[in-house]
Number of protein chains: 2
Amino acid sequence: MERSRRARQKPATIHDVARLARVSKSTVSNVIRDVPGVNPETRERVQEAIRTLEYRPNVVARQLVQQRTTLLGIVIGDLSNPFYAEMAKFVESFAAAHGYQLMFCNTQVDENTELDGIRSLIEHRVAGLLFLAYAGDAESARQAVGEQLPIVFLTCDAGWGDVVAVDDFAAARAGTQHLIDLGHRRIAYFADTVHEARAERARQGGYALALQEAGLTPSILRWHDRPQLVEAGGSICTIQTALTAPERPTAIFAANDLHAVDILDAADQASLRVPEDLSVVGFDDIAISRIARINLTTIAQPKEALARLAVDLIVGRIGGKVQGAHQRHSLPFTLLQRRTTGPSPAP
Amino acid sequence: MERSRRARQKPATIHDVARLARVSKSTVSNVIRDVPGVNPETRERVQEAIRTLEYRPNVVARQLVQQRTTLLGIVIGDLSNPFYAEMAKFVESFAAAHGYQLMFCNTQVDENTELDGIRSLIEHRVAGLLFLAYAGDAESARQAVGEQLPIVFLTCDAGWGDVVAVDDFAAARAGTQHLIDLGHRRIAYFADTVHEARAERARQGGYALALQEAGLTPSILRWHDRPQLVEAGGSICTIQTALTAPERPTAIFAANDLHAVDILDAADQASLRVPEDLSVVGFDDIAISRIARINLTTIAQPKEALARLAVDLIVGRIGGKVQGAHQRHSLPFTLLQRRTTGPSPAP
DNA sequence: TTGAAAGCGCTAACAT
DNA sequence: ATGTTAGCGCTTTCAA
């Protein structure tokens with residue numbers, strides 16, 4: 001018993017199976033891979049041997065000889081944002097349906113770790129790379145990746161590789177327009193901390209255009225380093241101050257739902273009523289936004305469709321079914337009018 | 001140009017580097033692995049070649065020859081639960097700090113897919129397996145895994161492998177006792193849908209014991225298949241009915257924060273005031289529970305410490321630094337009294 | 001229908 | 001200080 005345990009410390013190999021079944025490695029290989037034309041009797045003998053040895057094919061060896069893996073690298077900005085977690089979940093399930101596994105790399109920490117993560121993914125010879133909101137420097141990532149790998153940017157964009165996303169610019173414009181239509185004149189944008197990201201810039205751009213068309217003045221808020229502090233037009237103050245000052249915004253368009261919830265929370269703490277005193281629009285439609293206590297007006301992204309398309313696309317590229325120049329897929333967004341937006345308060 | 005592109009379709013190998021640098025493969029290998037005793041000049045020549053060829057060591061080949069990987073398999077119940085997403089994030093970062101990558105497998109879908117996922121992880125020769133709330137059948141998973149792999153159950157338990165978790169039983173008991181101390185007599189438990197899981201059973205057990213000691217009668221609620229419908233003591237009704245019936249509970253202990261938020265939402269829709277009419281206690285302390293609009297009384301788990309310990313443990317087992325029987329680490333929980341619990345309403 | 005043999009890219013003795 | 005060699009476990013021609 002003790003002996004057989006020890007003996008099995010090293011997992012059985014195809015060779016062990018072949019010996020036990022008294023066939024050659026090739027025959028075992030044929031059985032494993034379901035190649036037709038194996039004598040049923042032989043097949044049974046091999047399978048018997050596989051069972052008794054608890055043999056598990058070594059994918060590492062297979063990958064080496066086949067010169068390809070069924071691994072997809074996924075780079076996630078921040079898993080603790082439910083939007084990305086949900087996206088990752090969808091991606092995982094579609095990838096699995098195509099026979100791909102996910103190696104992942106969450107990389108909020110710092111830019112070098114991030115690059116190391118990407119490098120590690122590549123050294124593992126992932127068949128493709130999926131970026132879910134990459135925040136780092138686009139150029140250095142591009143260099144680390146090189147040319148020989150299908151890349152898909154999902155709900156983000158770095159200017160190279162395929163892109164699957166909603167039209168962030170149009171979406172932000174629509175969200176802002178909704179506020180303008182409600183009569184608001186002082187509408188602020190609550191920016192994401194990752195201001196380099198293209199998606200973030202596009203959202204901000206859509207916001208700015210809507211304001212400009214209405215003859216209004218943009219005003220950008222963003223978290224400062226320390227909690228509860230925001231930067232607004234170069235000066236720093238508490239979020240409560242920003243929300244209650246004389247020239248306070250009557251409406252805020254937030255870069256994402258998490259930020260919108262932060263605003264809601266600050267408003268509550270400043271005894272501001274939503275939407276009577278302050279309207280808030282978010283972006284993403286995460287699960288929590290739907291409950292009665294939040295009931296956030298937001299731009300919904302079609303998460304499942306985005307994930308499916310991204311996976312189909314990258315799998316297509318890997319298999320050579322998709323070729324040619326970078327594609328750009330823009331899926332429709334939806335403005336969900338819930339209860340955090342209402343008419344502008346009288347001046 | 002076109003030619004050089006084509007030429008680089010296949011990534012450079014150690015052999016290419018050796019040829020270009022006019023040394024042997026071993027020397028290149030020594031340079032890559034930072035083996036001391038390489039002539040500085042030679043080293044420079046090799047590094048030059050590596051740069052010009054954009055050479056990236058093939059981890060797959062290395063893994064094959066070294067007979068080990070630096071991959072950790074992580075099985076996640078439900079990534080869309082922020083608790084698991086946050087845990088996964090911590091695990092990823094500690095694993096990366098130890099030089100390990102994560103292959104992941106989210107598997108709510110169905111049990112077979114789940115087993116396939118585990119099998120795939122094993123065939124990829126992950127060095128260890130981390131379970132974050134495994135929901136499937138413990139025995140079949142155990143069989144799929146076999147004996148030759150370090151396993152750590154993190155915030156869950158299947159009765160085999162190391163366990164890193166809080167004392168779910170004691171925690172649930174404490175949470176329930178808090179409600180009892182507030183004078184509540186009809187306290188229900190809102191169960192997780194995954195009732196086989198040991199952690200879930202432990203929580204339910206702690207709840208039951210606290211009630212029993214106080215001479216009160218347990219009552220279990222859980223989601224039915226269709227939304228908004230719950231099972232309570234064999235009968236099925238809407239959640240609103242369950243919360244407003246004559247014999248309604250005045251307090252609910254929920255299996256996790258997500259469920260607690262569901263209760264809050266249902267209470268809002270039934271015009272029940274929290275905590276005046278209904279007290280609610282959760283479990284996990286996810287980020288959203290902290291905002292003013294939720295302000296959920298809950299049992300907090302030390303997420304970062306749990307993740308760190310789990311990773312240290314599994315890395316220790318892999319490296320042989322940790323040996324012997326399965327360990328069971330119980331980390332302290334904290335009852336966070338916030339604003340969803342208050343005195344029982346007068347009868 | 002089965003087997004023999006070459007080799008995927010790398011590491012790790014062992015020689016030189 | 002560097003090179004030679006023998007595999008790691010598998011797939012895949014090609015022969016038998």
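Values in this document were obtained by computation on a predicted structure and should not be read as measured data. First the proteins, then the strands, lettered A, B, ... as listed; each starts at 1.
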Would one find a side-chain N or O of [X] under 4.0 angstrom from OP1 or OP2 of [N]?
| X | N | result |
| --- | --- | --- |
| B/Ser24 | D/dG3 | yes |
| A/Thr42 | C/dT2 | yes |
| B/Ser29 | C/dC10 | no |
| B/Arg68 | D/dC8 | no |
| A/Arg33 | D/dT12 | yes |

*For B/Val38, report the nucleic acid contact type (base, sugar-phosphate, nothing); a contact means any heavy atom under 4.0 Å.*
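Sugar-phosphate contact only.
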*asked:* By the 4.0 Å heavy-atom rule, please label A/Val23 as base, sugar-phosphate, or nothing.
replied: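 Sugar-phosphate, no base atom in range.
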When the side chains of residues 23-33 of chain A are checked against the rest of the protein, which donor-acceptor pairs come out under 3.5 Å, sequence neighbours left out?
from: A/Ser24; atom 1: OG; to: A/Ser26; atom 2: N; distance (Å): 3.4
from: A/Ser24; atom 1: OG; to: A/Thr27; atom 2: N; distance (Å): 3.4
from: A/Ser24; atom 1: OG; to: A/Thr27; atom 2: OG1; distance (Å): 3.4
from: A/Ser29; atom 1: OG; to: A/Arg33; atom 2: NE; distance (Å): 3.0
from: A/Ser29; atom 1: OG; to: A/Arg33; atom 2: NH2; distance (Å): 3.1
from: A/Asn30; atom 1: OD1; to: A/Arg33; atom 2: NH2; distance (Å): 3.1
from: A/Asn30; atom 1: ND2; to: A/Ser26; atom 2: O; distance (Å): 3.3
from: A/Arg33; atom 1: NE; to: A/Ser29; atom 2: O; distance (Å): 3.3

*Give a yes or no on whether the backbone of B/Thr13 and the side-chain of B/Asp16 come within a donor-acceptor separation of less than 3.5 Å.*
yes
*Are the side chain of A/Arg45 and the backbone N or O of A/Ala21 linked by a donor-acceptor pair below 3.5 Å?*
yes
*Pick the nucleotide of DNA chain D nearest each of B/Gln67 and B/Arg43; which residue has the one closer to the 5' end?*
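With B/Gln67 and B/Arg43 compared, the 5'-side residue is B/Arg43.
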*asked:* I want to confirm an ordering. Mapping B/Val65 and B/Asn39 to their closest nucleotides on DNA chain D, which one lands closer to the 5' end?
replied: B/Asn39
Atom [atom1] of [X] to atom [atom2] of [N]: distance rounded to whole Å?
| X | N | atom1 | atom2 | answer |
| --- | --- | --- | --- | --- |
| B/Gln63 | C/dC8 | CD | P | 19 Å |
| A/His15 | D/dT11 | NE2 | C1' | 16 Å |
| B/Lys10 | C/dG7 | NZ | P | 17 Å |
| A/Asn30 | D/dC14 | CG | P | 16 Å |
| B/Leu64 | D/dA6 | CG | C1' | 13 Å |
| A/Ile32 | D/dG9 | CD1 | C1' | 10 Å |
| B/Gln66 | C/dT11 | CD | P | 7 Å |
| B/Ile14 | C/dC10 | CD1 | P | 5 Å |

*Quantify the bending of the helix from C/dT1-D/dA16 to C/dT16-D/dA1 as the angle between its end axes, each fitted on five pairs, to 10°.*
40°
*Among C/dA12, C/dG9, D/dC10, which nucleotide sits nearest the side chain of A/Tyr55?*
D/dC10
*For the pair B/Trp160 and B/Phe153, name the ring-plane relationship: parallel under 30°, tilted 30 to 60°, perpendicular over 60°.*
perpendicular
Any Lys/Arg nitrogen of [X] or [Y] sitting under 4.0 Å from an Asp/Glu carboxylate oxygen of the other?
| X | Y | result |
| --- | --- | --- |
| B/Asp34 | B/Arg43 | yes |
| A/Asp162 | A/Arg317 | yes |
| A/Asp312 | A/Lys321 | no |

*asked:* With nearest nucleotide decided by heavy atoms, which residue, B/Asn58 or A/Lys25, maps closer to the 5′ end of DNA chain C?
replied: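 That would be A/Lys25.
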_Holding to salt bridge (charged side-chain N to carboxylate O under 4.0 Å, His left out), I want the full list of residues that pass it with A/Glu44, two or more places apart in sequence or in another chain._
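Partners of A/Glu44 under the salt bridge (charged side-chain N to carboxylate O under 4.0 Å, His left out) test: A/Arg51.
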*Has the side chain of A/Ser26 got a donor or acceptor atom sitting under 3.5 Å from an opposite partner on the base of C/dA4?*
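Check passes, donor-acceptor contact within cut-off.
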